[in-house]
Structures are given as structure tokens and as C-alpha cells.
Amino acid sequence: MNRGYFAPILNLSSYKHLLYFISSWLLVLLYPIGILLVTILAILSFGSSMGLILPASWLVLQILNLERIRANTLLETKIVFPAVPQQNRAVWWKEQLFSITTARGFAFLLLNTLFSGATLIVLGAMLYVTGLLLFAPIVAALQLFDTFSFWRDSILWTGSEGLRFTALSSMIAFIAGIPMLNLTLQCSDFLANIWRVATENALSDDKSSQRIVQALEKASKSVLEDNTQTTIQTILEQGLNASRATGAGIGTHRINLESSDLEQPKNHVLRVPLEYSNELLALYKNAPPNARDTNLWKALGTHASTALKLEQLLHKERTRGSEEERARIARELHDSVAQALYGIALGTRSALEQLNTNPANAKKSLEYAIDLADGGTAEMKTLLFALRPDALEEGGLAAALQKLGEMLFARYKLEAIVLAPLEPEISLETKGMLYRIAQEAVHNTVKHAKAKQVQIRLETGILEITDNGRGFDTTMTRSGALGIKSMRERAKSIGSTLEITSGISGTRILIIFGGTK
């Protein structure tokens, strides 16, 4: 994004950065005095009462908190202040004095003294030249008065051998001062971006890494426990809690992020491409993200990609399952109800034609139509029972298998023996898959086996379907192979095993399942 050369002049953050360094120059003598005083108190506190430790710890915390306030306000960091506990304060103050955080803070203050001296030389000289150029018209006016001669000649170096401004030269100097001011602010921004990293690493409390770990943990849990919308919302919230970002968004899910924010020159937008679609956006106003924040958002982006991919897979699986179920229902309607309706229409039409000429045959045709209607009704009830989402939950698997056996006898005159004395203690998903397998198995029996009897046995951990049909070669591909594949896939989806044995005496399908509640 092209921000223009003079963008720092219009950016409030640039002036905040400059003010940070100016305030550092004013504090450059205060901090060494404070460190010396704390050191003396700490030395005197050895072997003595807590009376010297408490003021030393208090002074340490105030000095470090002052730096945190300056960094959060002027460098626009997001450093969290350590919370003073409600109980055992004396012990906590002592721990603060001799903690690693305090030692790291002292080292930072010493480094800050050196850094402030270096910035004073560079930025101080640039500010002096900038001020001299921008205030050249005022300097030119002061040269007309002797009242300000000392200030004018010694500080501004405008004596007889120094700078002398005329009206024209003062205007030229003022115009030159604008790019000089811009260059000063650019240099201040550059130094601030460098110093921001050191400040965050030195003054952040020891729990900052813990907050990042907690944010990643909560985000990863939401991927498996919540729906996709809630997961994305949780990921964005955890990212904002553990980073300096002020806004974030993924696709249409956004928190404190407007489209206009992406176009603001002063804003920094961290873009993390997601693996499958969209991208994760993290908004940083005025200050770019540090390496820790960047790594955090990349990790959260991985969680978001996983959540979006899971949503795609679940949608694809639901679509495939719905298509398979529709195909199965269409097949069953065609093979059963449609054939029954066709037979009923044929039987009643035949009875109507023979009603006057041959009443006995007409009666047989009507009885045939009634049998078909009873069988079609039973099969339709079984089909509707299977379609109800709460049918297995209310009636149970044993009752569903009983209805399946009644349908076989009513529709196909196939003797069906259902042995299901007890309802198994398994999950509803497992019950549904076992019922679908049983449906597919008896469908293959009716269609291919030419059996006279089928037995369905349900016991603890076992579902067995056997028939006395003509059997088939299980190693050869035939028209029933698609149904067998479907049964194997359903058994595998619930962690069960499916065994098929077939011969001249019939076919046996055994499902060994678990899936207890």
C-alpha cells in the first residue's frame, strides 16, 4: 500500500513516537537514580525485616509500570500490568523484587538509558535543525530586537558570524523545514518499531506466553466441540485477547473490523492465507504486528482452516448420505410399493372384467389385490418408520427389526424370524447403521436369494441375518456387490466388522459391533 512520502506528518502515531523519545530524554537521569536507590534498599534488606523490602518493591513496580504506561500510550503496545493479589501481599512484593521479571526490567532500563542517549544524538540533532528551519520566520523577526540577543545568539547560533535570516531566506528555510520534519518523523517511526519489540519482550509479564497457550488451547477445542460459526468467533476472540490486534476477521465473521479500516494508510493489516478458502485478517492500528503476534495468528489460521475443512467434509458427507438414502428409498419404492400398486390395479381391473361372467375368478383377483394392498401398507409403514429421525430413539432397534420382519411376510410371504429379546445398550448412531445394514441384507435376500425363510438375530454385540436361499460366490462381482459394499462401509463407520459367508444352503451375514453408550 502506497502511503505517500509525507504520510508521517499526517499520522498522529508518528508524533506519539517522537514524544516517547523526548520523554525518555527527560527520564534518562531519573531511572539510574531509581535503580541505585532500589539496589541500596535490596542490599540493606538482607537479614533485616520486610520494612525495607516493601518500599523497594513498590518503587520497582512503579518505575516499570511507568514504562508500561509510556509504551502502551505512545508506542501503542498492549502490555498487561501485573495484578496485585488481595492476599499475601507482603510475600508477593518480595517476590516481585527478586523475580526474573524485575531483573529483566532493570536490564531494560539500563539499555533504555543507552538507547535514549543514542536517540538524543540522532533525533535531537534532527529536531534542532527542523525547529530552526520551521521557526526561521520567528528567528528573523527576533533578529530585529536586542532584548533576545543572548537567547538568539547562543542557542540559535545567529550571531554576527552565525546564521542571519532575511525575509526571503526565512521563508525558504520554513519550506525546507517541512520535508525535514517528515524525515525526522520517519526516523522516529523506524526507531520506535525497533524499540517496541524490545519493550514488549522486556516488560510483558510472565503470563503473556501462558495467555497465548490458553488462546490456542481454547481455539483448538472449539474446532471439535462447536459449530463452524462459533469456532471462527472463538478463534477471533482468543486472537484479540492474546495479541495487540484491535480487530480481526475471517470472511463475513468480523470483530471490530470494518472494510474502511483496511484502506486506512496508518493501519497495518496482517493477512494469513487459509488453506482452503478466505483469509484471516488482523488489524493493527498505527503499529505493525511483532513476530510473536504473527506466529500466533498463523497458528490460529491453521485452526480456522481445519474448522472450514471439517465443515466442507461434513457438508459433502451429508450430501452423499442424503443422495444414497434417496436412491435407496427410490429403489425400495420401485421394488415394493410401486409393484404393489401395479399389482392392485391389475387385480382390480381383472376382477371388474370378470365380475358378471365369472364371479369366482373375480373374487380371487380381489383377494390377490387385498393381499398386495396389505403387503404394500406394511412395507410403507416400515419405510416411514425408518425415515423418522426419532424412530429408533423411541422404539429401539429391536422394535424396528420386528417391523422389518412383519413387512417381509406381509409383502413377500417370506417367513421372517426375528430374535431380539433385549434392546442393546449402544449409541443411536450405531443403531441406525445396524438397521440400515439389516435393510440392505434382507433386500438382497428378497431380490436375489429366492429364499423361503430369513432369520434376524440381535444379541449383545452381534447382529446376524441368515437365509436359506441359493447363495452366491462372495469373490465374484455381481449385481448385489453394490449393496455389499454399502454394508461394509456402514459397518466400518461405526467401528464394526462384517463377515459374509454364502453357499448352496444359504447366506449368513454377521456384524460384530461395539459402540456402547
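This one's a predicted model, so the numbers in the text were calculated from it and none came from an experiment. All residue numbers refer to positions in the sequence shown, counting from 1.
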Return the minimal non-hydrogen interatomic distance between Gly239 and Leu296, and the atom names on each side. O-CD2, 4.1 Å
Heavy-atom distance under 4.5 Å between the side chains of Asn256 and Leu283, does that happen here? no
Closest heavy-atom pair, Thr348 versus Ala369, reported as atoms and distance to 0.1 Å, is CG2-CB, 4.0 Å
Would you check if there is a donor-acceptor pair between the side chains of Asp189 and Ser14 at a distance under 3.5 Å? yes
Distance col, row Ile512:CD1 vs Thr497:OG1, nearest 0.5 angstrom, shows 4.0 Å
Starting from the C-alpha separation in whole Å, work towards a yes-or-no answer on side-chain contact (heavy atoms from CB on, under 4.5 Å) for Lys298 and Leu280. CA-CA 9 Å; Lys298 286 182 178 178; Leu280 187 152; over 6 Å; no
So OG1 of Thr507 and CD1 of Ile500: to nearest 0.5 Å the spacing works out to 8.5 Å
With a 4.5 Å heavy-atom cut-off, do Leu109 and Leu64 have their side chains touching? yes
Answer yes or no: is there an ion pair linking Glu67 with Arg70, defined by an N-O contact shorter than 4.0 Å? yes
Interatomic spacing from CZ in Arg457 to OG1 in Thr466 - rounded to 0.5 Å: 8.5 Å
Just so I know, are the side chains of Tyr20 and Thr73 near enough to count as touching, which here means a heavy-atom distance under 4.5 Å? no
Could you grab the distance from atom OG1 of Thr445 to atom CD of Gln453, nearest 0.5 Å is fine? 11.5 Å
Please identify which of these residues, Gln439, Lys431, Met433, meets the side chain to side chain contact (heavy atoms under 4.5 Å, CB included) condition with Tyr435. Gln439
Side-chain contact test, heavy atoms from C-beta onward, threshold under 4.5 Å: evaluate it for His17 versus Arg196 and give yes or no. yes
Applying the side chain to side chain contact (heavy atoms under 4.5 Å, CB included) test to Val454, which of Val446, Ile465, Asn468 qualifies? Ile465
Please examine the side chains of Leu463 and Ile456, heavy atoms only from C-beta on, and report whether any two atoms are closer than 4.5 Å. yes
Using a 3.5 Å distance criterion without hydrogens, assess whether the side chain of Thr77 forms a donor-acceptor pair with backbone atoms of Ala71. yes
CD/Glu367: more than 12 non-hydrogen atoms of other groups inside 6.0 Å: yes
Here the pair of heavy atoms bringing Gly301 nearest to Leu274 is O-CD2, 3.4 Å
Minimum heavy-atom distance Leu240-Trp297, with the two atoms named: N-CH2, 3.8 Å
Is there side-chain contact between Arg436 and Glu440, with heavy atoms separated by less than 4.5 Å? no
Of all heavy-atom pairs linking Ile511 and Ser496, the shortest is CG2-CB, 4.1 Å
Report the C-alpha distance between Ile235 and His253 in whole Å, list the side-chain angles of each, state the deciding distance to 0.1 Å, and finish with yes or no for side-chain contact (heavy atoms from CB on, under 4.5 Å). CA-CA 11 Å; Ile235 288 174; His253 304 278; over 6 Å; no
Which atom names give the shortest non-hydrogen contact between Gly471 and Ser502, and what distance separates them? CA-OG, 3.1 Å
With heavy-atom distances below 4.5 Å as the criterion, would you say the side chains of Phe472 and Ile484 are in contact? yes
Output the distance between atom CZ (Phe513) and atom CG (Leu434), rounded to the nearest 0.5 Å. 5.5 Å
Between Thr199 and Asn112, is the side-chain contact (heavy atoms from CB on, under 4.5 Å) condition met? List the steps. CA-CA 9 Å; Thr199 305; Asn112 188 25; over 6 Å; no
Assess whether side-chain contact (heavy atoms from CB on, under 4.5 Å) is satisfied between Asp293 and Leu270, documenting all intermediate values. CA-CA 9 Å; Asp293 281 12; Leu270 175 64; 5.7 Å; no
Answer yes when Arg508 and Glu464 have at least one side-chain N-carboxylate O distance shorter than 4.0 Å, and no when they do not. yes
Working to the nearest 0.5 Å, report the span between OG1 of Thr501 and CG of Leu510. 8.0 Å
Report yes or no: does Glu423 contribute a side-chain atom to a donor-acceptor pair with the main-chain N or O of Leu397 at less than 3.5 Å? yes
Check whether the side chains of Gln238 and Thr234 place a donor and an acceptor atom closer than 3.5 Å, and report yes or no. no
